[in-house]
There are 2 protein chains.
Amino acid sequence: MKSLVSRCPIEEVMQILSGRWPTLLIYYLKQGTKRFSDLRRDNPTISHKMLTLELRKLEDAGIVERTEFDGYPLRVEYQLTPAGHRLVPLIDALGEWWETTSSAAAQCSSVDAEPVIPNTVSRD
Amino acid sequence: MKSLVSRCPIEEVMQILSGRWPTLLIYYLKQGTKRFSDLRRDNPTISHKMLTLELRKLEDAGIVERTEFDGYPLRVEYQLTPAGHRLVPLIDALGEWWETTSSAAAQCSSVDAEPVIPNTVSRD
DNA sequence: AGTAAATTACGCACCTTTTTGTAACCACGA
DNA sequence: TCGTGGTTACAAAAAGGTGCGTAATTTACT
């Protein structure tokens, strides 16, 4: 989905939140400041390419803030912006809606639980 | 995004709502019952294949209901299920969040306005 | 002392997988 | 023949994965 088809804010948000990673990253970032490698540990199945791309997208959208500490090994920290924090309950609401809608599985209730550990562990 | 990486309801909802069409279709369906061809008129840029695919997905997710009236030119109607209706305000909230977050464009406020008419008009 | 390896957060190029578009076809009856 | 609501096969496009290179400094070996 690269271009928009309507000029509706809803389509614009979905352009940012669509896909597997944006909401998961927001999920982990609401726990506080995280470094690149922390986020990779949080979801071992994301490739570094995807992670940088998604973080960049969230940054451009004003949802996360990137802080670069120079010095070497070079350290970068990511955290939710105020706008990002305001977004969290809306996403949680979707999760809750889904839980009540589908009689199926119910884990990771909203703010506390962890998204039941991602599967394969690939390091590179 | 075919498979899940966590067992988090949020990832599951996003699997359904991700992409350009799901939210747009829900947007149009909240106006009431629509037929296949109505929805194609509503967003002329969707291909009929995508439309059937997306409608099927929303149907499986319990968001829309499909009613087939047998008869001569064959008529099918789509409408939001109660769960679908409950979802609408949540999506609208995302749109509003985006409007207040981005200083940029503000059209299609939430419930009333129309997603500023899709661009190209391709009929087949 | 000198070289090698590891570290962190990427960018880039190449290749595979997934998604989406295009076009053709089907059934029925007016 | 047209319009309805599809399906299927094939092609194009987009998304995503893999692996290599890079920076400056520390630690590890020889």
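What's counted below: heavy atoms across the whole structure, side chains too, no hydrogens, waters or symmetry copies. Order of the sequence lines sets the chain letters (A, B, ...), proteins ahead of strands, with each chain counted from 1.
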Asks: May I ask you to list the residues of residues 14-23 of chain B, by number, that have any heavy atom positioned under 4.0 Å from an atom of DNA chain D?
Replies: none

Asks: Over how many whole Å does the gap from B:Leu51 atom CG to D:dT4 atom P extend?
Replies: 13 Å

Asks: Let me know the distance between NZ of B:Lys57 and C1' of C:dT20, rounded to the nearest Å.
Replies: 12 Å

Asks: For DNA chain C, just give me the dot-bracket, please: Watson-Crick or G-U, both distances below 3.5 Å, ( ) intra-strand, [ ] crossing earlier pairs, | paired with another strand, . unpaired.
Replies: |||||||.||||||||||||||||||.|||

Asks: What distance do A:Leu29 atom CG and A:Leu58 atom CG have between them, rounded to the nearest 0.5 Å?
Replies: 8.0 Å

Asks: Between the main-chain N or O of B:Ile63 and the side-chain N or O of B:Thr81, is there a donor-acceptor pair closer than 3.5 Å?
Replies: yes

Asks: Exactly one of A:Leu39, A:Ile26, A:Thr45 should register a side chain to side chain contact (heavy atoms under 4.5 Å, CB included) with A:Trp21. Which one does?
Replies: A:Thr45

Asks: Give the rounded distance in Å between these two atoms: CE of B:Met50 and P of C:dT19.
Replies: 9 Å

Asks: Hey, could you give me the CD1/CG distance between A:Ile46 and A:Leu53, rounded to the nearest 0.5 Å?
Replies: 9.0 Å

Asks: Roughly, in whole Å, what's the span from CG in B:Leu4 to P in C:dT18?
Replies: 14 Å

Asks: Determine whether a donor-acceptor pair (N or O, by modelled atom type, separation under 3.5 Å) exists between the side chain of B:Glu11 and the backbone of A:Leu24.
Replies: no

Asks: Grab the two heavy atoms, one from B:Ala93 and one from A:Leu90, that are nearest each other, plus how far apart they are.
Replies: O-CD1, 3.7 Å

Asks: Would you call A:Arg41 and A:Asp38 a salt bridge, using N to O less than 4.0 angstrom?
Replies: yes

Asks: Quickly work out the B:Asp70 CG to C:dA27 P distance and round it to whole Å.
Replies: 17 Å

Asks: What's the NZ-P distance between B:Lys2 and C:dT20, to the nearest Å?
Replies: 12 Å

Asks: Got a second to check how far A:Met50's CE is from A:Asn43's CG, nearest 0.5 Å?
Replies: 13.0 Å

Asks: Please report, rounded to the nearest Å, how far the P atom of C:dG21 is from the CE atom of A:Met1.
Replies: 12 Å

Asks: Nearest 0.5 angstrom please: B:Met1 CE to B:Ile16 CD1, how far?
Replies: 9.0 Å

Asks: List the protein contact pattern of nucleotides 5-12 of chain C with one symbol per nucleotide (5' to 3'): B for base contact, S for sugar-phosphate-only contact, - for none; contact means a heavy-atom distance under 4.0 Å.
Replies: --BBSBB-

Asks: Nearest 0.5 Å please: distance from the CD atom of B:Gln15 over to the CH2 atom of A:Trp98.
Replies: 8.5 Å

Asks: Using 0.5 Å steps for rounding, measure from the CZ atom of B:Arg40 to the OG1 atom of B:Thr52.
Replies: 9.5 Å

